[in-house]
Amino acid sequence: MVAVNEELASVIKEKVELLYPRLVEMRRQLHMYPELSNQEYKTTSQINDWLNEYGIKKIPLRLPTGTAAEIKGKESGETVAIRADIDALPIQEESDLPFRSKIDGISHMCGHDVHTVIALGAAIILQELAGELPGNVRILFQPAEEAEGGAEGMIQEGLLQGVKSIIGLHNSPELPTGTVGVKDGFLMASVDDFWITIKGKGGHAALPEKTIDPIVIGSAIVGQLQTIVSRTISAKESAVVTIGSFQAGATNNVIPDTATLKGTVRTSNEQVRRKIAEAFKQVVSNTAAALGGEAEIDYQFLLPAVFNDTEVTRIVREVSVEIVSKEKTVVAVPTMGGEDFSFYQQEVPGCYVWLGSGNEEKGIKEFWHHPKFMVDEDAMKIGVQLMVQSAIRLLEN
């Protein structure tokens, strides 16, 4: 049996170095031909071709996009999973790179092309080690992380059946290449969206006393919503209530009948999440009523928070220390951004980590979803090593 020790780390590192030029080719191929969520047809086909090229067994899926594979070990044992996201964003890339996106208005400005290739690299190396593995490793190439339903679709396909634990990563331009951010517990926020329709009574702008102004009501609601976090939630908790859209009226001398507000709520745990939802509905309804109007609320719970399992995280942290050193294995800084990796964690213990991908010397510093975002490709070496060695260690524990 392969033991996760210095000898194995050396073997994996050597394999990664040999494979790296090919991984760069793969990544740049994906980068040039990005596809949006639930439209990743060519991406899925390309991943399947690469899996076939390296003799990696695919798992049949009924999903239109996305794919999965499994490396079966020589010994019967448990199964762990590695997850990568494959979709791109509706953003025009602003770069002069020879491998910049060739699809107008679509680009991998979140680095999912890198995540995909890291998972491919892990699959290739694990396949080479298959005869020595103390169990099985399942690789999930998930569509639609940037939209809705991606993770849920993979789960509904039964891809977590028999899985002991799951790991995944996201590039982080805030961390320099060569570092890994690991943290147990809360890492990324839950995501809930809302739509508010305020019903008033329109009329002439010069005669506001004859109207019920939905714009005034909406403005009051915006102000009152900001008190939920500051006056309802403990300062020890993390929460955000943001209005992203306020639309009403069409001209300067007419008070409209209605106004619409759209926004999002982010929280660090389920208790805070539910408390904010309840307070939100009370604040909106009561404020509208106090000013003579009505409010219709559509409040949707979308993603739970990413919450890393203590034991899985401990193992991944140990592996990171072996790969990049104790000094470069840092405590991951949580973010109020969301990630549907959280759905997997509701089913099995999991750990999601930050993979340092920033490099000031190479001019790589822009954050996710920016038109000039880029990932230092050298980070892929560490990502592959981390996924391979963590998977093996998890099988052994």
Side-chain angles (χ1 to χ4, degrees), residues 37 83 85 87 89 91 109-112 115 144-148 150-152 168-175 179-196 221-246 261-281 283-284 298-309 313 330-346 350-358 365-370 373:
S37 298
R83 175 271 202 170
D85 38 17
D87 53 335
L89 288 161
I91 297 175
M109 294 296 97
C110 202
H112 294 187
H115 304 167
E145 188 279 325
E146 298 288 357
E148 295 178 28
E152 293 167 296
L169 57 75
H170 202 296
N171 71 88
S172 176
E174 290 187 322
L175 294 176
T179 60
V180 177
V182 189
K183 178 186 179 297
D184 63 354
F186 169 65
L187 184 67
M188 301 186 74
S190 64
V191 178
D192 303 320
D193 286 351
F194 59 81
W195 294 259
I196 304 170
I221 287 174
V222 171
Q224 288 299 311
L225 285 176
Q226 302 313 304
T227 67
I228 292 178
V229 174
S230 64
R231 290 297 177 267
T232 305
I233 305 302
S234 169
K236 298 177 182 179
E237 303 287 358
S238 297
V240 173
V241 178
T242 294
I243 302 293
S245 173
F246 188 151
L261 284 72
K262 303 175 186 178
T264 188
V265 175
R266 309 296 174 98
T267 62
S268 59
N269 63 62
E270 197 64 22
Q271 292 72 30
V272 172
R273 186 185 193 190
R274 298 294 168 175
K275 187 173 184 179
I276 285 183
E278 181 179 351
F280 178 96
K281 294 171 184 177
V283 166
V284 172
D298 181 4
Y299 196 103
Q300 297 185 8
F301 296 95
L302 300 179
L303 306 179
V306 171
F307 202 87
N308 286 336
D309 178 78
T313 303
V330 301
V331 177
V333 177
T335 173
M336 298 310 285
E339 234 289 350
D340 68 1
F341 186 82
S342 57
F343 282 117
Y344 301 112
Q345 292 177 310
Q346 290 196 323
C351 178
Y352 199 63
V353 304
W354 298 143
L355 177 68
S357 60
K365 59 183 179 179
E366 299 297 346
F367 205 65
W368 309 320
H369 296 212
H370 189 281
F373 169 85

Query raised in the report: So do the side chains of V240 and V229 get within less than 4.5 Å of each other, counting heavy atoms only?
Result: no
Query raised in the report: How long is the span from the OH atom in Y352 to the CD atom in E339, to the nearest 0.5 Å?
Result: 3.5 Å
Query raised in the report: Which pair of heavy atoms, one from T335 and one from F186, lies closest together, and at what distance?
Result: O-CZ, 3.9 Å
Query raised in the report: Side chains of P173 and K365: closer than 4.5 Å at any heavy-atom pair?
Result: no
Report task. Say whether, by atom type as modelled, one donor and one acceptor occur between the side chain of W354 and the main chain of T179 under 3.5 angstrom. Result -> no
Query raised in the report: Once you round to the nearest 0.5 Å, how far does OG of S172 lie from CH2 of W368?
Result: 5.5 Å
Report task. Determine the minimum heavy-atom distance between V272 and A239, stating which atoms define it. Result -> CG1-CB, 4.2 Å
Query raised in the report: Under the side-chain contact (heavy atoms from CB on, under 4.5 Å) test, which residues partner Q271, sequence neighbours left out?
Result: N269
**Report entry** Short side-chain donor-acceptor distance under 3.5 Å, D184 and T313
**Finding:** no
Query - Spatial distance of atom OG (S245) from atom CG (L261) [nearest 0.5 Å] - result: 7.5 Å
Query - 4.5 Å side-chain heavy-atom contact, V191 and D193 - result: yes
Report task. Could you tell me whether the side chain of D87 and the main chain of E145 form a donor-acceptor pair under 3.5 Å? Result -> yes
Query - Approximate separation, where rounding is to 0.5 Å, of S357 OG and H170 NE2 - result: 9.0 Å
Query - Pairs touching residues 269-278 that satisfy salt bridge (charged side-chain N to carboxylate O under 4.0 Å, His left out), sequence neighbours left out - result: D192-R273, E270-R273, E270-R274
Requested in this report: Please name all residues satisfying side-chain contact (heavy atoms from CB on, under 4.5 Å) with H370, sequence neighbours left out, ordered by chain then number.
Outcome: E366, K372, F373
Requested in this report: Answer yes or no: does atom NZ of K183 have more than 12 heavy-atom neighbours from other residues, nucleotides or ligands under 6.0 Å?
Outcome: yes
Query raised in the report: So, for S342 and A305, which heavy atoms are closest and what is the spacing to 0.1 Å?
Result: CB-O, 3.3 Å
Requested in this report: Indicate yes or no for a side-chain donor-acceptor contact from H115 to the backbone of N171 under 3.5 Å, with no hydrogens or angles considered.
Outcome: yes
Query raised in the report: Residues in side-chain contact (heavy atoms from CB on, under 4.5 Å) with Q224, at least two apart?
Result: T227, V283, T287
Query - Contacts of type salt bridge (Lys or Arg N to Asp or Glu O under 4.0 Å), residue E146, not counting sequence neighbours - result: none
Query - Sequence-distant partners of S190, side chain to side chain donor-acceptor pair (under 3.5 Å), two or more places apart - result: T267
Query raised in the report: Which residues pass the side chain to side chain donor-acceptor pair (under 3.5 Å) test with N308, sequence neighbours left out?
Result: Q345
Query raised in the report: What pair of heavy atoms forms the shortest contact from L89 to M109, and how long is it?
Result: CD1-C, 3.9 Å
Query raised in the report: With R266, which residues qualify under side chain to side chain donor-acceptor pair (under 3.5 Å), at least two apart?
Result: T264
**Report entry** Under the ring pair (Phe, Tyr, Trp, His ring centres under 6.0 Å) test, residues paired with F194 that sit two or more places apart
**Finding:** F280
Report summary line: Sorted by chain and number, sequence neighbours left out, side-chain contact (heavy atoms from CB on, under 4.5 Å) with F343 holds for A151, E152, I155, L303, P304, D340, Q346
Query raised in the report: Under the 3.5 angstrom rule, does the side chain of T242 hit a backbone N or O of G244 as a donor-acceptor pair?
Result: no
Report task. Under the ring pair (Phe, Tyr, Trp, His ring centres under 6.0 Å) rule, collect the residues that match up with Y344, sequence neighbours excluded. Result -> F341
